[in-house]
Amino acid sequence: MKVILPDGSERALADGATGADLVNALGGRWAKKAVAVDVDGQVQDLAARLPEGAKVKLVDAESAEGLELLRHSAAHVMAEAILKVIPGTRLAIGPAIADGFYYDVEAPRRITPEDFPALEEEMQRIIKADVAFVRSERPRAEAVQKAELSGDKYKAELIRDLPEGTAISFYRSGDFEDLCRGPHLPSTRWVKAVKLLSVAGAYWRGDSKRQQLQRIYGTAFTDRKKLDEHLRLLEEAKKRDHRELGKQLDLFSTDEQIGPGLILWHPRLAMVRRTIEEFWWAEHYRRGYWPVYTPHIASEQIYRTSGHLENYAEMMYAPMDIDGAPYRVKPMNCPAHIKIYQTARRSYRELPLRYAELGTVYRYEPSGTLHGMLRVRGFTQDDAHIFCTPEQLAGEIEGVLDLVDTLMRAFGYTYRTFLATMPPKHLGTEEEWGRATEALRVALDRRGLAYEVDEGGGAFYAPKIDIKLLDSLNREWQGPTIQVDLNLPKRFRVEYVGADNAPHEVIMVHRAVLGSLERFIGGLVEHFGGAFPVWLAPVQVRVATLAERHAEAAAKVVAELRAGGLRVDEDCGAEKLGYKVREWSLAKLPYLAVLGDKEIAEGVVALRSRARGDEGKVTVSDFIARAQREIREKTIEAKKED
RNA sequence: GCUGCAGUAGCUCAGCCGGUAGAGCACGUCCUUGGUAAGGACGAGGUCCUGGGUUCAAGUCCCAGCUGCAGCUCCA
């Protein structure tokens with residue numbers, strides 16, 4: 001028999017050959033890293049027979065697919081260990097997830113992290129034993145019966161719910177057998193480095209009305225080093241948690257008397273926000289946007305017209321009675337922008353119109369989802385709506401993509417771009433969707449932007465471009481979004497007069513680059529670990545005195561730095577210099593300018609920078625020039641290990 | 001919202017079996033006037049989340065609420 005390799009060449013194998021035979025035939029490095037085989041686009045066990053003429057590709061343990069297999073197999077190993085260590089446990093489901101795996105179980109007692117060492121030890125034993133994962137299939141009735149006999153009610157339910165005609169497969173490794181679609185690693189020894197991370201409650205099938213199970217999370221890698229690196233990143237992420245840094249650096253708080261999910265911006269973080277806002281506005285003015293302001297509350301009527309009240313009511317704050325009429329705190333800015341547009345009869349000659357607002361909105365998010373600044377109930381959107389003609393659409397999208405790139409670069413984010421297309425449930429005609437989606441595609445192509453298509457991932461009212469940010473810890477964040485709204489122009493009858501002197505429905509683009517300032521800036525805190533680059537830092541330079549007699553000279557230097565446009569504070573207390581350096585360092589400020597007798601005599605400061613440490617003497621004017629350049633260029637200094 | 005856990009000084013936390021609350025840092029005053037990651041002494045600071053209950057007695061035990069944290073989506 002023959003199979004076709006990825007390079008297009010054919011490979012002859014003995015009849016009935018398996019993936020493992022292919023590995024042997026190819027030999028060399030594959031023997032060390034092949035864990036499965038991709039047969040015509042389907043990943044299968046190495047033990048599976050290869051069909052004649054199939055296109056085959058071996059799956060590297062290090063690849064995304066390989067890691068997923070490895071983690072899924074690790075979940076099985078963990079399940080086996082749990083059954084051994086905590087007898088009487090019933091297994092529910094145990095998939096691989098983004099950075100690891102979990103298994104949901106119903107255990108006779110509470111499982112805690114104290115159980116992890118024993119579980120991990122048992123897992124190591126299983127891994128060392130190097131037992132093969134062996135697939136078998138069983139008829140439905142037999143499978144259900146077997147599951148019920150052994151008391152595996154969750155497995156029994158899963159099997160019953162599998163669609164008629166699907167193969168019901170099991171994987172056995174040693175004494176342990178689990179219902180599983182597969183595929184799996186060839187044997188347990190491939191699960192090289194594994195670690196259990198946490199345990200939490202989870203509902204059977206995600207349904208809060210059903211049995212609550214215990215979910216044990218873990219992760220696995222192909223070797224110890226990679227696992228350690230992953231654990232280090234987790235550690236680092238914890239240290240950078242914006243809620244912790246928010247307290248340490250005095251950035252923000254919430255208050256019980258004010259309410260959950262409502263952020264108090266302290267002076268330092270408010271300064272960061274102002275700096276971002278000013279930059280944001282400057283970039284918008286350059287691109288022909290106009291500022292608008294709209295009220296925080298509005299009569300319910302507008303949300304009836306917009307449809308928000310119909311589809312979105314449980315996410316809105318309750319109405320308040322204003323002179324007998326129900327009013328709402330605004331959950332969106334768009335309806336108000338439309339109202340501004342509609343105050344005049346618009347000609348195609350004045351389009352595109354670009355309205356921008358940093359509009360604060362309030363949404364009644366479920367209490368359990370609130371999370372620091374990242375998930376809140378009151379937040380400011382960097383919202384803008386572009387009203388244009390169909391012919392202008394692609395060009396406008398291009399303009400937004402350019403804006404996105406400028407802003408994201410300034411913060412040091414790289415990003416990935418997705419084109420999200422029509423979902424199964426949608427408003428509007430396929431033709432409208434086609435035209436709008438095409439315009440997005442054209443804009444992406446014209447900018448030469450690589451993108452992935454998220455088939456069916458659009459909002460029900462809009463195809464969109466979604467951009468995901470990659471931060472300094474390689475974590476993904478929800479980033480800019482650009483949507484072609486196919487709903488509101490109709491609901492509000494938003495029109496312009498065309499060259500033909502007839503009314504036409506306007507094209508409305510809804511776009512946010514930063515998203516919510518709360519979420520974005522909360523994310524920035526983590527991205528920079530609280531150490532904002534010079535252009536963003538709330539205090540760019542601190543002036544510290546060596547002794548109290550230098551205070552007067554310090555005041556002069558502070559004034560000079562302020563006159564040079566820098567954000568400055570001073571530390572003229574009676575503490576020793578070492579103490580002040582430590583304080584400055586913990587505050588994560590970019591520069592410290594020290595003044596003692598020598599500096600005053602020479603008319604300089606002794607400069608210390610976050611990036612390079614003690615830099616020696618510089619004149620104030622030289623320092624101002626340097627800081628100004630870094631601000632202008634939005635320099636992000638290389639990280640210094642601390 | 002649901003489940004579990006937590007809430008003690010501004011912050012981080014200790015407080016045993018129920019017997020009227022403690023440390024470090026921060027803060028204030030004083031001494032020290034110093035050269036690149038914590039100088040010293042003294043002091044002030046508490047509705048122990050809120051409200052009920054049990055008890056001679058509650059930070060501690062019970063109930064309810066509030067707030068926070070984790071999870072509840074990533075298809076056997």
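Basis for what follows: all heavy atoms, side chains included, without hydrogens, waters or symmetry-related copies. Reminder, nothing fancy here: chain letters follow the sequence lines and each chain counts from 1.
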> Can we say A:R268 and A:D569 salt-bridge, meaning some charged N sits less than 4.0 Å from an Asp/Glu carboxylate O?
Replying inline: yes
Return the polar atom pairs (N/O with N/O) between nucleotides 25-32 of chain B and the protein under 3.5 Å, or none.
unit_1	atom_1	unit_2	atom_2	d
B:A26	OP1	A:Y579	OH	2.7

> Are a donor atom and an acceptor atom from the side chains of A:R626 and A:Y591 found within less than 3.5 Å of each other?
Replying inline: yes
>> Does this structure show an ion pair linking A:E615 with A:R608, if we count only N-O contacts that are shorter than 4.0 Å?
In response: no
> Contact class for A:A606 vs. all strands (heavy atom < 4.0 Å): base, sugar-phosphate, or nothing?
Replying inline: base
>> Could you check whether A:K226 pairs with A:E62 (Lys NZ or Arg NE/NH1/NH2 to Asp/Glu carboxylate O, under 4.0 Å)?
In response: yes
> If the C1' atom of B:G65 is compared with that of B:U20, how far apart are they to the nearest Å?
Replying inline: 26 Å
>> On the side chain of A:Q214, is there an atom forming a donor-acceptor pair with the base of B:G71 - under 3.5 Å, no angle test?
In response: no
> A:H550 has an atom NE2; how far is it from atom C1' of B:U36, in whole Å?
Replying inline: 15 Å
> Phosphate oxygens OP1/OP2 of B:C75: is one of them under 4.0 Å from a side-chain N or O of A:R181?
Replying inline: no
> Taking NZ from A:K617 and C1' from B:U36, how many angstroms apart are they, rounded to a whole number?
Replying inline: 14 Å
> Is any side-chain nitrogen or oxygen of A:R243 closer than 4.0 Å to OP1 or OP2 of B:C69?
Replying inline: yes
> Separation of A:R610 atom CZ from B:U36 atom P, in whole Å?
Replying inline: 22 Å
> If you check every side-chain atom of A:Y102, which of B:A37, B:C74, B:U36 has the closest atom?
Replying inline: B:C74
>> Can you measure A:D454 atom CG to B:C74 atom C1' for me and round it to whole angstrom units?
In response: 14 Å
> B:U50 and B:U67: how far apart are their C1' atoms, nearest whole angstrom?
Replying inline: 10 Å
> Between B:A70 and B:U60, how far is it from one C1' atom to the other, in whole Å?
Replying inline: 25 Å
>> Looking at B:U67, which nucleotide sits across from it as a Watson-Crick or G-U wobble partner, both distances under 3.5 angstrom, or is there none?
In response: B:A6
> So which nucleotide from B:C72, B:A76, B:G35 ends up closest to the side chain of A:D597?
Replying inline: B:G35
> Can you tell me the Watson-Crick or wobble partner of B:G35, both distances under 3.5 angstrom?
Replying inline: none
> Should B:U73 form a Watson-Crick or G-U wobble pair with both distances under 3.5 Å, which nucleotide is its partner?
Replying inline: none
> Quick one: A:K580 NZ to B:G35 P, roughly how many Å, whole number?
Replying inline: 12 Å
> When you compare B:A6 with B:C16, how far apart are their P atoms, in angstrom units rounded to a whole number?
Replying inline: 14 Å
> Whom does B:U60 pair with, Watson-Crick or G-U wobble, provided both distances fall under 3.5 Å?
Replying inline: none
>> Go nucleotide by nucleotide along RNA chain B from the 5' end; which of A:P260 and A:I93 gets its closest nucleotide reached first?
In response: A:P260
>> What's the gap between B:G22 and B:G46 when it is taken at their C1' atoms, as a whole Å value?
In response: 11 Å
> Could you give the CZ-to-P distance, from A:R375 to B:U73, as a whole number of Å?
Replying inline: 13 Å
>> Does a side-chain N or O of A:H72 approach OP1 or OP2 of B:A76 to a distance below 4.0 Å, or not?
In response: no
> Do A:K84 and A:F176 have side-chain heavy atoms sitting under 4.5 Å apart?
Replying inline: no
> Can you find a pair of side-chain heavy atoms, one from A:W584 and one from A:K580, that are under 4.5 Å apart?
Replying inline: no
>> Both distances below 3.5 Å, Watson-Crick or wobble geometry, any strand: find the nucleotide opposite B:C48.
In response: none
> Under 4.5 Å between any side-chain heavy atoms of A:I97 and A:Y217, yes or no?
Replying inline: yes
>> Rounded to whole Å, how long is the line connecting atom NZ of A:K146 with atom P of B:A76?
In response: 19 Å
>> Base, sugar-phosphate or nothing for A:G368? Non-hydrogen atoms, less than 4.0 Å.
In response: base
> So which nucleotide does B:G28 pair with, by the Watson-Crick or G-U wobble rule with both distances under 3.5 Å?
Replying inline: B:C42
>> Need the pair for B:A14. Rule: Watson-Crick or G-U wobble, both distances under 3.5 Å, any strand; none if unpaired.
In response: none
Using atom names, set out every protein N or O paired with an N or O of nucleotides 4-13 of chain B below 3.5 Å, distance rounded to 0.1 Å.
unit_1	atom_1	unit_2	atom_2	d
B:G4	O2'	A:R110	NH2	3.0
B:U12	OP1	A:K247	NZ	2.8

>> Base, sugar-phosphate or nothing for A:E599? Non-hydrogen atoms, less than 4.0 Å.
In response: base
> Would you find a donor on one side and an acceptor on the other, under 3.5 Å apart, between the side chain of A:R610 and the backbone of A:F532?
Replying inline: yes
>> Using a strict threshold of under 4.0 Å (side-chain N to carboxylate O), is an ion pair present between A:R172 and A:D178?
In response: no
> Distance between the C1' atoms of B:G68 and B:U29, in whole angstroms?
Replying inline: 37 Å
>> Base, sugar-phosphate or nothing for A:P366? Non-hydrogen atoms, less than 4.0 Å.
In response: base
>> Heavy atoms from C-beta onward define the side chain here; which of B:A76, B:C72, B:A70 lies closest to that of A:S169?
In response: B:A76
> Tell me, do A:H371 and A:L374 make a side-chain contact under 4.5 Å, heavy atoms counted?
Replying inline: yes
> Between A:Q44 and A:V37, is there a donor-acceptor pair closer than 3.5 Å when you use the side chain of the first and the backbone of the second?
Replying inline: no
>> Taking the basic N atoms (NZ, or NE/NH1/NH2) and the acidic carboxylate oxygens, is any pair closer than 4.0 Å for A:K153 and A:E106?
In response: yes
> Taking the side chain of A:Y217 as its heavy atoms from C-beta onward, which of B:U67, B:G34, B:C72 lies nearest to it?
Replying inline: B:C72
> For the side chain of A:R608, counting heavy atoms from C-beta on, which of B:G35, B:A37, B:A76 is nearest?
Replying inline: B:A37
> Which one, B:G39, B:C75, B:U36, comes nearest to the side chain of A:I97?
Replying inline: B:C75
>> Rounding to an integer number of angstrom, what distance separates B:G10 and B:C27 when you compare their C1' atoms?
In response: 8 Å
>> Can you work out whether A:G573 or A:T369 has the more 5'-proximal nearest nucleotide on RNA chain B?
In response: A:T369
> Would you call A:E177 and A:K155 a salt bridge, using N to O less than 4.0 angstrom?
Replying inline: no
> Nearest to the side chain of A:L158, which nucleotide is it out of B:A76, B:G35, B:C69?
Replying inline: B:A76
> Any chance the side chains of A:T481 and A:D466 put a donor and an acceptor closer than 3.5 Å?
Replying inline: yes
> If you measure from the P atom in B:G18 to the same atom in B:C25, how many Å do you get, rounded?
Replying inline: 33 Å
>> How many whole angstroms separate atom CZ of A:R542 from atom C1' of B:U36?
In response: 14 Å
> In the strands shown, is B:U54 matched to any nucleotide by a Watson-Crick or G-U wobble pair with both distances under 3.5 Å, and which?
Replying inline: none
